[in-house]
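The structure under discussion appears below in the form of structure tokens.
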Number of protein chains: 2
Amino acid sequence: MSAAEVPARRQTRQRTAVLALLDELDGFRTAQELHALLRERGDGVGLATVYRALQALVDDGLVDVLRSEVGEAAYRRCSPVHHHHLVCRSCGRTVEVADPPVERWAARVAAEHGFADVQHQLEVFGTCAACAAARR
Amino acid sequence: MSAAEVPARRQTRQRTAVLALLDELDGFRTAQELHALLRERGDGVGLATVYRALQALVDDGLVDVLRSEVGEAAYRRCSPVHHHHLVCRSCGRTVEVADPPVERWAARVAAEHGFADVQHQLEVFGTCAACAAARR
DNA sequence: AACCGTGTGAGAATGGTTCTCATGCCCAGG
DNA sequence: CCTGGGCATGAGAACCATTCTCACACGGTT
């Protein structure tokens with residue numbers, strides 16, 4: 001009956017480093033990028049460990065994942081409440097945005113078509129002001 | 001001045017077969033699935049060719065792509081007008097739905113944060129009535 | 001301080017997608 | 001109807017992100 005048994009998550013240097021790095025970055029980053037950054041700054045962490053740490057963080061709801069257009073997974077430290085993202089496709093900077101209307105819309109449309117157990121994903125991509133200015 | 005030069009798309013048995021197969025399926029399918037289906041029915045088509053045909057169809061706007069949670073690309077024959085999808089995560093059946101409000105919302109939110117050149121992606125996942133009934 | 005079990009890491013394995021390149025076939029021109 | 005140029009095809013190799021393997025390290029508790 002235990003809905004969410006705490007999996008006895010152990011606190012290690014590596015996991016701390018991954019979370020700390022995500023905390024200071026404000027955009028979505030791939031596991032490979034994070035691994036390279038950690039390596040550069042001397043915090044040697046194995047690639048497999050980075051993947052494991054990220055998965056644990058996602059499971060704990062501390063990090064959001066999304067798939068880039070080429071299919072790579074990108075991770076970002078996020079607030080635990082439901083939200084969507086406004087992502088700069090050039091620099092990766094991300095803004096969390098809420099949209100109550102779409103929540104109701106999704107539920108209604110799903111119900112109309114007999115769908116249950118509904119989830120939705122909504123992301124907005126664009127070019128942020130800084131990148132747009134830099135480009136011209 | 002030619003905005004959309006026709007890239008001299010050649011009509012071959014293979015491309016015809018891929019498009020015909022997509023026409024008779026009503027859910028998102030991976031390239032691997034489509035390749036296997038074509039092979040089963042005797043229309044031998046190389047895997048690389050399936051990928052190339054699908055990419056061409058996507059470029060022409062005849063087919064939509066989305067990434068599954070494990071990162072695989074899934075393809076579906078779609079109407080050329082902008083729309084979103086309501087997808088059964090069990091059987092893959094898909095319904096196209098329009099949502100004018102979210103279009104305006106996305107544009108407004110992007111503008112508020114100084115983002116330009118905006119695109120958005122919105123997909124709704126659930127369990128369709130048939131699958132929900134079959135499961136219990 | 002000792003122990004148990006989870007975490008780590010290097011490299012191998014996996015699997016989807018793309019690339020290579022020799023050959024095939026669509027189709028416009030003669 | 002025949003021919004030629006060039007895009008299309010396909011088998012397999014290459015690529016690359018992610019996961020797995022397994023021996024060893026170390027966190028946390030007794």
Side-chain angles (χ1 to χ4, degrees), chain A residues 2 4-22 27-60 62-76 92, chain B residues 2 4-22 27-60 62-76 92:
Chain A
S2 53
E5 270 302 339
V6 177
R9 201 131 285 171
R10 200 173 279 181
Q11 178 158 348
T12 65
R13 176 183 64 82
Q14 292 85 342
R15 290 185 181 177
T16 303
V18 169
L19 187 54
L21 179 57
L22 283 171
F28 280 88
R29 310 287 162 157
T30 66
Q32 305 276 350
E33 285 175 334
L34 296 170
H35 175 245
L37 284 171
L38 288 172
R39 186 142 290 201
E40 277 178 22
R41 73 174 54 179
D43 292 340
V45 177
L47 180 57
T49 300
V50 173
Y51 277 103
R52 277 184 296 236
L54 288 171
Q55 264 185 351
L57 290 169
V58 170
D59 290 344
D60 291 351
L62 298 174
V63 165
D64 278 2
V65 207
L66 62 77
R67 294 268 167 189
S68 76
E69 292 185 9
V70 294
E72 298 174 339
Y75 303 83
R76 177 173 186 270
Chain B
S2 54
E5 269 304 337
V6 177
R9 202 132 281 170
R10 201 172 280 180
Q11 178 159 348
T12 65
R13 176 183 65 81
Q14 291 86 343
R15 291 186 180 176
T16 303
V18 169
L19 187 54
L21 178 58
L22 283 170
F28 280 88
R29 310 286 162 156
T30 67
Q32 306 274 350
E33 285 175 334
L34 295 170
H35 175 243
L37 284 171
L38 288 172
R39 187 143 289 201
E40 277 178 21
R41 73 175 54 179
D43 293 339
V45 177
L47 180 57
T49 300
V50 173
Y51 277 102
R52 279 185 294 237
L54 288 171
Q55 265 186 349
L57 290 169
V58 170
D59 290 344
D60 291 351
L62 298 174
V63 164
D64 278 1
V65 207
L66 62 78
R67 294 269 167 187
S68 77
E69 292 185 10
V70 294
E72 298 174 339
Y75 303 84
R76 178 172 184 269

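Chain naming here is simple, since letters A, B, ... match the order of the sequence lines and numbering starts at 1 in each.
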Open item on the list: My understanding is that only residues two or more places apart in sequence, or in another chain, count here; which of them pass side-chain contact (heavy atoms from CB on, under 4.5 Å) with B:Gln32?
Closed with: B:Thr30, B:Leu47, B:Tyr51
Task: Set of side-chain contact (heavy atoms from CB on, under 4.5 Å) partners for A:Arg29, sequence neighbours left out - done: A:Leu25, A:Asp26, A:Glu33, A:Leu34
Open item on the list: Can you see if the side chain of B:Thr49 gets near the phosphate of D:dA8 - specifically, an N or O under 4.0 Å from OP1 or OP2?
Closed with: no
Open item on the list: Applying side-chain contact (heavy atoms from CB on, under 4.5 Å), can you list everything that pairs with A:Thr16, at least two apart in sequence or on another chain?
Closed with: A:Gln11
TODO: Could you check whether A:Val70 gets within reach of a base, just the sugar-phosphate, or nothing at all, counting any heavy atom under 4.0 Å?
DONE: nothing
- [ ] In whole angstrom, give the distance that lies between atom CG of B:Leu54 and atom P of D:dG10.
- [x] 13 Å
Task: Contact pattern, 5' to 3', of nucleotides 20-30 of chain D - B, S or - by protein heavy atom under 4.0 Å - done: BB----BBS--
TODO: Using five pairs at either end of the helix from C:dA1-D:dT30 to C:dG30-D:dC1, determine the angle between the two local helix axes and round it to 10 degrees.
DONE: 30°
TODO: Under the side-chain hydrogen bond (donor to acceptor under 3.5 Å, both in side chains) rule, collect the residues that match up with A:Arg76, sequence neighbours excluded.
DONE: A:Glu96
Task: A:Leu38 CG to A:Leu21 CG distance, which is reported to the nearest 0.5 Å - done: 5.0 Å
TODO: Check whether any side-chain heavy atom of B:Leu57 lies under 4.5 Å from a side-chain heavy atom of B:Leu22, and answer yes or no.
DONE: yes
Open item on the list: Run the side-chain contact (heavy atoms from CB on, under 4.5 Å) test against B:Ala48 and tell me which residues pass, sequence neighbours left out.
Closed with: B:Arg52
- [ ] Can you run down the salt bridge (charged side-chain N to carboxylate O under 4.0 Å, His left out) pairs that involve residues 35-46 of chain A, sequence neighbours left out, and say none if there aren't any?
- [x] A:Glu24-A:Arg41
Task: Listed partners of A:Tyr75 passing ring-ring contact (aromatic ring centres under 6.0 Å, His included), at least two apart - done: none
Task: Nearest-Å distance for atom pair CG/P, residues A:Leu38 and C:dT8 - done: 12 Å
TODO: Give the rounded distance in Å between these two atoms: CZ of A:Arg39 and P of C:dT8.
DONE: 14 Å
Open item on the list: Looking at B:Arg9 and B:Asp60, would you say the former's side chain and the latter's main chain have a donor-acceptor pair under 3.5 Å?
Closed with: no
Using a cut-off of under 3.5 Å, enumerate the N/O to N/O pairs linking the protein to nucleotides 16-18 of chain D.
{"residue": "D:dT18", "atom": "OP1", "partner": "A:Ala73", "partner atom": "N", "Å": "2.8"}
{"residue": "D:dT18", "atom": "OP2", "partner": "A:Tyr51", "partner atom": "OH", "Å": "2.4"}
{"residue": "D:dT18", "atom": "O5'", "partner": "A:Tyr51", "partner atom": "OH", "Å": "3.2"}

Task: Heavy-atom closest pair, residues A:Ala53 and A:Val18 - done: CB-CG2, 4.1 Å
